[in-house]
Each structure stands twice: as C-alpha cells, then as structure tokens.
Amino acid sequence: MAINLSTNTLQPVTRNTTFSETVNVTVDGTPPEVISSITVTPSQSDSGVTISTTTSSITFSGSYEDAFDQDVIKSFPTGKGVMLKDAVLEKNDGIFVATEDDNIITAENLDVINSEDSFISLVIVEEERELTSEEFELKQQEFPDIAQPTTSTSFAAVPSGHTIFSAIQDNRATIVVQYDVTIVYDTGTHTDTITHTIKTDTTTFANKLTELFDEDE
C-alpha cells in the first residue's frame, strides 16, 4: 500500500500575488487504506496564505505577504509627522574626469559643484538617520506632533493607520517554503513534503507600495 501526492512541488509564484493550487492525495492497494486526517505544517507561516485539506486533497491559496521578511519598511502614525537627523557633509578635494561633452563623473557619494577648471565636493560623513531616544524627547518638546518611525519587515507587518515614508526591498530573488505533510490512515502514518518557490521583482514591490499609498489617501 502507498499514499501518493500528485506533486511535491507547487508552481512558482510571485510575492504579493494571488494564487491557488491543489495537491491530490491518492491511495494504492486492494482494498485501499482509509485516510482519516491530513495535517500540513509550513517551515514559515504567512498571514496571506490559506491551507485547506480534505481526506483526499490539499489546497494552497492566497498570496505570500510575509515570505520576504528582510524588507525594511518605515512608517509613522497617520496624522503625525516624523523627523530625522540630517546627514552631515564636509568639504573635500576630489578628482574628476571630464567626458567629451564636458560632463563631470565623480564618486557616487559626492554632490558636485563644478566650474570650468575645478569643483567643490561635499562628502557624506554621516548618513541621514533616525533620532536617538534622547534626541527625540528633546525635539518632541518643540514639535509635539512628531512620532518615532516604526520599522516593519514586510508590508503585512506595517501597523494599521500608518503612513509609509521609506521602503527598501528584500534583495533575495527567491524564497523556498517547505510544507511538512502528515497523513494518518487506518493502519499507520505517512509523512511527505511539498515545496513552494516564491519569487520577487521590483514591479510587484512598487505596485504593493503604490496600493498602500492609495489606501492612505
């Protein structure tokens, strides 16, 4: 007697995109064994994915909202404001290369003001950053309506009623979620695995960001 899944690999999907796929469970043998329950446990849970089972099938549906958990999404309560510590710049000599049409090429971290023969470069010595707790307390005395930013690792984790002001996408191209399947039948237990590859792309990330901005309006 054997219990078989119609597939152990779900069709790849893109993050934040709806999908639905059913895996059929069949039993070989005469007489066939009787399945009493099927349990599916993911390697990482996702608030956007629903798993439904019968004694002969497993259906996965929804959209992966939490799979890419290395996004860096900053937000603040709508109606409040946020204040950051300005970047610190200092004057620095530099070397430039002039192209044929006299455009100036410099390092990426330089803001350049150029004349015909020379230029002044400003080097970022400290990036723009969030205020420390102490700095925030002082600024809040002057600006009572500011709030400290909240950092979330996925769109699904952004608190309700928040406005997003910065979003950096998780740079991984794919995530693989594994589902451990336990099938209990009248004479024993069968275990199996199903894997699902979730892809990402910049367009999907941007569309999701636009969707959230539209909800704030």
Side-chain angles (χ1 to χ4, degrees), residues 1-29 31-75 150-164 167-217:
M1 194 284 296
I3 293 178
N4 304 297
L5 305 183
S6 58
T7 184
N8 289 93
T9 306
L10 301 178
Q11 292 297 312
V13 296
T14 302
R15 62 175 292 178
N16 308 114
T17 302
T18 57
F19 74 97
S20 181
E21 185 172 351
T22 296
V23 177
N24 294 313
V25 182
T26 58
V27 179
D28 294 336
E33 303 288 355
V34 178
I35 295 174
S36 59
S37 68
I38 298 177
T39 304
V40 181
T41 304
S43 57
Q44 62 184 80
S45 59
D46 197 291
S47 61
V49 176
T50 299
I51 305 170
S52 304
T53 63
T54 69
T55 55
S56 61
S57 67
I58 308 167
T59 298
F60 302 85
S61 61
S63 61
Y64 284 95
E65 301 295 328
D66 307 309
F68 286 86
D69 57 3
Q70 293 179 20
D71 293 334
V72 179
I73 302 171
K74 296 183 180 294
S75 64
T150 296
T151 301
S152 306
T153 57
S154 68
F155 286 120
V158 176
S160 177
H162 269 224
T163 297
I164 295 173
I168 300 174
Q169 184 174 356
D170 187 327
N171 62 11
R172 292 173 293 178
T174 60
I175 299 293
V176 177
V177 177
Q178 177 174 301
Y179 294 94
D180 293 328
V181 180
T182 302
I183 302 171
V184 177
Y185 56 96
D186 52 357
T187 60
T189 300
H190 172 83
T191 59
D192 220 317
T193 59
I194 297 172
T195 58
H196 204 184
T197 299
I198 302 94
K199 303 179 295 182
T200 192
D201 63 43
T202 55
T203 300
T204 302
F205 187 84
N207 288 344
K208 184 65 177 180
L209 190 57
T210 300
E211 174 188 319
L212 290 175
F213 273 125
D214 289 343
E215 290 176 359
D216 292 335
E217 295 178 355

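One-based numbering along the sequence shown.
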Worksheet, complete the sentence: In this structure, CG of Leu5 is separated from OG1 of Thr26 (nearest 0.5 Å) by 8.0 Å

Discussion item. Testing the 3.5 Å rule here: is there a donor-acceptor pair between the side chains of Thr22 and Ser57?
Written reply: no

Worksheet item: Ser152 side chain to Ser154 main-chain N or O, any donor-acceptor pair under 3.5 Å?
Response: no

Item to complete: State, yes or no, whether a side-chain contact exists between Ile38 and Val181 at a heavy-atom distance under 4.5 Å.
Response: yes

Discussion item. Given 3.5 Å as the limit, does a donor-acceptor pair link the side chain of Glu21 with the main chain of Gln11, or not?
Written reply: yes

Worksheet item: Would a distance-only check, ignoring hydrogens and angles, find a side-chain to backbone donor-acceptor pair under 3.5 Å from Ser43 to Val177?
Response: no

Discussion item. Can you tell me how far apart OG1 (Thr195) and CG (Leu10) are? Round to the nearest 0.5 Å.
Written reply: 7.0 Å

Practice prompt. Work out which heavy atom in His196 is nearest to a heavy atom in Ile198; give both atom names and the distance.
Written response: O-CD1, 3.5 Å

Worksheet item: Do Asp170 side-chain atoms and Gln70 backbone N/O form a donor-acceptor pair below 3.5 Å?
Response: yes

Item to complete: Evaluate ring pair (Phe, Tyr, Trp, His ring centres under 6.0 Å) for Tyr64 paired with Phe19, printing each intermediate quantity in order.
Response: CA-CA 9 Å; Tyr64 284 95; Phe19 74 97; 5.4 Å; yes

Worksheet entry | Any side-chain donor near an acceptor of the partner, Asn16 and Glu65, under 3.5 Å | yes

Discussion item. Tell me which one of Asp201, Asp71, Thr174, Asp46 satisfies side chain to side chain donor-acceptor pair (under 3.5 Å) with Arg15.
Written reply: Asp71

Worksheet, complete the sentence: Distance col, row Asp192:CG vs Ile3:CD1, nearest 0.5 angstrom, shows 9.5 Å

Practice prompt. Please report the C-alpha distance between Thr53 and Val40 in whole Å, then the side-chain angles of each, then the deciding distance to 0.1 Å, and finally whether the side chain to side chain contact (heavy atoms under 4.5 Å, CB included) criterion is met.
Written response: CA-CA 8 Å; Thr53 63; Val40 181; 4.1 Å; yes

Worksheet item: What pair of heavy atoms forms the shortest contact from Ala67 to Arg172, and how long is it?
Response: O-NH2, 4.1 Å

Discussion item. Any heavy-atom pair between the side chains of Thr150 and Pro159 that's under 4.5 Å?
Written reply: yes

Fill in: Distance (rounded to the nearest 0.5 Å) between Ser52 OG and Ile58 CD1
10.5 Å

Discussion item. Quick check: do Thr189 and Thr182 have side-chain heavy atoms less than 4.5 Å from each other?
Written reply: yes

Worksheet, complete the sentence: Rounding to 0.5 Å, atoms OG1 (Thr17) and NZ (Lys208) come to a distance of 9.5 Å

Worksheet item: Looking at side-chain heavy atoms only, is the closest gap between Ile35 and Val27 below 4.5 Å?
Response: yes

Discussion item. When you compare the side chain of Val158 with that of Ile164, does any pair of heavy atoms fall below 4.5 Å?
Written reply: yes

Item to complete: Keeping the roles fixed (side chain from Ser6, backbone from Asn24), state whether a donor-acceptor pair exists under 3.5 Å.
Response: yes

Worksheet item: Going by distance alone, is a donor N or O of one side chain under 3.5 Å from an acceptor N or O of the other, for Thr202 and Gln169?
Response: no

Worksheet entry | Separation of Thr55 OG1 from Ile183 CD1 (nearest 0.5 Å) | 10.5 Å

Worksheet item: Should Ile51 and Thr59 count as side-chain neighbours, where that means a heavy-atom distance under 4.5 Å?
Response: no

Discussion item. With a 4.5 Å cut-off on side-chain heavy atoms, are Ile194 and Val23 touching?
Written reply: yes

Item to complete: Determine, using ring centers only, whether Phe68 and Phe205 are less than 6.0 Å apart.
Response: no

Discussion item. Please give me the minimum heavy-atom distance between Tyr185 and His190, naming the atom from each residue.
Written reply: CE2-N, 3.8 Å

Worksheet item: Below 4.5 Å, heavy atoms only, C-beta onward: do Thr50 and Phe60 meet side chain to side chain?
Response: no

Discussion item. Less than 3.5 Å apart, any donor N or O on the side chain of Thr14 or Lys199 sitting next to an acceptor on the other?
Written reply: no

